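All remarks here apply to the structure that follows.
What you see is a predicted model; the values in this text were computed from it and never measured.
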Amino acid sequence: MIIKQPYHVILKETDLIYFAELMLRWPHLSWVKICYELFREKLHPFVITENFLSVKDSCPSCVVIKLPAANFDFEFLCGHFHSLAFKKSNVSSIEKKKPYYPGIPAQKQIKHDWEMCSIKNINTIAPQMAYVICKYGHKRYWNEFDEVVVRYEALSQEVDPCIVRNNRDRSTWTVKNESLWPDSSPFKRQKTPKRKNKDISCAVDLVAKLRENGITDKKQLATMVDNYFPGLLTDAEMGMLLPANPGVIISMAGHRKQGQRLRGIIK
């Protein structure tokens, strides 16, 4: 039974982007970007308290509460990433002003693996993200946002005892999939299929979900597929997934060239 209080808001699940999804959507230095937008109070987080199926239109819906970043707690964040989300319209409005947020820089500009959030390392980046948000994602202690300090916070081994009360060894921090992804996410227990019995349906589902979220540029989609599922698709498979002219029959060599164009290997 849904008990709606004055501070509750009911939203369709299709209108939300979950926290982990946003980390992968803004993959390069995601903790800096998300923390900065929370600090500026331009990004508004919601906590999902209940999921239900709307009787009116059979649409998956959520009961949510708006929760300012200043009220976040480290243990709560690490245990409830799967219950934290943002409105798609909120994220889209930020991206209109900062279209580079979803972008991925050239490989030579990425000096450390932790600079890029991917499906491979999101479980270890998530608790670092939680710590940074609890420390810098609000104006309780700071009047200005220092990007340099926040950027290199991921390298620090120091832990503020006011933020983390128990395990203070940052090298051991991780968030399990059950706490990271909502039940509706294809990534909750999804692993990159082995090449021997390859199933690329996870990449197909991802592209469909990204398009629902308003990302339609094929090069950007290809980059995000590679970020979510590194090494999964060959050039030809990428070309078939994101063809230049859908519906037109072309050779395997043509698909391969399309994949290479999307990946910037050829022009």
Open item on the list: Could you go through Glu158 and Arg170, starting from their C-alpha distance and side-chain angles, then the distance that decides it, and tell me whether this counts as salt bridge (charged side-chain N to carboxylate O under 4.0 Å, His left out)?
Closed with: CA-CA 8 Å; Glu158 295 182 6; Arg170 293 179 64 165; over 6 Å; no
Task: Test side-chain contact (heavy atoms from CB on, under 4.5 Å) applied to Asp146 and Tyr136, step by step - done: CA-CA 9 Å; Asp146 191 331; Tyr136 301 106; over 6 Å; no
- [ ] Walk me through it: do Val175 and Trp181 pass the test side-chain contact (heavy atoms from CB on, under 4.5 Å)?
- [x] CA-CA 10 Å; Val175 173; Trp181 302 104; over 6 Å; no
TODO: May I have the step-by-step check of side-chain contact (heavy atoms from CB on, under 4.5 Å) for Glu21 and Lys209, ending in yes or no?
DONE: CA-CA 10 Å; Glu21 292 175 336; Lys209 189 171 186 64; 2.5 Å; yes
TODO: Before giving the answer on side-chain contact (heavy atoms from CB on, under 4.5 Å), spell out for Asp226 and Met238 the whole-Å C-alpha distance, their side-chain angles and the decisive distance to 0.1 Å.
DONE: CA-CA 9 Å; Asp226 282 340; Met238 183 66 79; 3.4 Å; yes
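Closest approach of Pro27 to Pro102, counting heavy atoms only: CD-O, 3.9 Å. For the residue pair Ala85 and Leu16, the shortest heavy atom distance occurs at CB-CB, 4.2 Å. Taking each heavy atom of Gln258 and Gly239 in turn, the nearest pair found is CG-CA, 3.7 Å. Nearest heavy atoms, Asp217 versus Gln220: OD2-N, 2.9 Å. Taking every heavy atom of both residues into account, Leu24 and Cys117 meet most closely at CD2-O, 3.7 Å. Taking each heavy atom of Cys78 and Ser179 in turn, the nearest pair found is O-CB, 3.6 Å.
By the criterion of side-chain heavy atoms lying less than 4.5 angstrom apart, applied directly or through intervening Ile, Leu, Val, Met, Phe, Trp or Tyr residues, Leu43 is grouped together with Leu84 in one hydrophobic cluster. Under the 4.5 Å side-chain contact rule for hydrophobic residues, Ile133 and Val148 share a cluster. Put simply, Trp31 and Tyr100 are part of the same group of oily side chains (I, L, V, M, F, W, Y) that touch within less than 4.5 Å, one to the next. Ile265 and Leu221 are assigned to two separate hydrophobic clusters, defined by single-linkage of ILVMFWY side chains at heavy-atom distances under 4.5 Å. There is a path of hydrophobic side-chain contacts, each under 4.5 Å, that joins Leu180 to Phe76.
Two residues are said to be in side-chain contact when any heavy atoms from C-beta on lie closer than 4.5 Å; Glu75 and Arg165 meet this criterion. By the 4.5 Å heavy-atom criterion applied to side chains, Phe39 and His138 are not counted as neighbours. For the pair Leu77/Cys134, a side-chain contact is recorded, criterion being any heavy-atom separation below 4.5 Å from C-beta on. Using a 4.5 Å heavy-atom cutoff, the side chains of His8 and Val64 are not in contact. The shortest side-chain heavy-atom distance between Leu233 and Arg263 falls under the 4.5 Å cut-off. Contact annotation: the side chain of Ile65 never approaches that of Phe46 to less than 4.5 Å [non-hydrogen atoms, C-beta and beyond]. Inter-residue side-chain proximity for Pro243 and Ile250 is flagged as unmet; no heavy-atom pair is nearer than 4.5 Å. The shortest side-chain heavy-atom distance between Tyr18 and Ile48 falls under the 4.5 Å cut-off.
The existence of a salt bridge linking Lys135 and Asp160 is excluded, since no basic side-chain nitrogen approaches an acidic carboxylate oxygen closer than 4.0 Å. Ion pair Lys139/Glu41 not flagged as a salt bridge, since none of the NZ, NE, NH1 or NH2 atoms sits closer than 4.0 Å to an Asp/Glu carboxylate oxygen. Under 4.0 Å is where a charged nitrogen must lie from a carboxylate oxygen, and between Lys87 and Asp15 no such pair does. Salt bridge annotation for Glu37-Arg40: present, with a cationic side-chain nitrogen under 4.0 angstrom from a carboxylate oxygen.
Ring planes of Tyr131 and Phe74: perpendicular class, angle over 60° (limits at 30 and 60°). Ring geometry for Phe81 versus Phe19: interplanar angle over 60°, hence perpendicular rather than tilted (30 to 60°).
Around atom NZ of Lys42, no more than 12 heavy atoms belonging to other residues, nucleotides or ligands sit under 6.0 Å away. Counting heavy atoms of neighbouring residues, nucleotides and ligands inside a 6.0 Å radius, atom NZ of Lys88 exceeds 12 of them.
Thr124 places a side-chain N or O within 3.5 Å of a backbone atom of Asn121 that can act as its donor or acceptor partner. Under the 3.5 Å distance criterion, the side-chain polar atoms of Asn123 are left unmatched by any main-chain donor or acceptor of Thr174.
Note that the NE2 atom of His80 and the NE2 atom of His82 stand 5.5 Å from one another [nearest 0.5 Å]. Atom OG1 of Thr234 sits about 10.5 Å away from atom CG of Leu241, to the nearest 0.5 Å. The CD1 atom of Ile215 lies 6.0 Å from the CD atom of Glu95; values are rounded to the nearest 0.5 Å. Considering CG of Leu38 and CZ of Phe145, their distance stands at 9.0 Å, rounded to 0.5 Å. In this structure, Glu237 CD and Leu242 CG are separated by 12.0 Å, a value rounded to the nearest 0.5 Å. Expressed to the nearest 0.5 Å, how far CD1 of Ile34 lies from CE of Met129 amounts to 3.5 Å.
Glu147 and Tyr36 share no donor-acceptor pair across their side chains, judged by distance under 3.5 Å alone.
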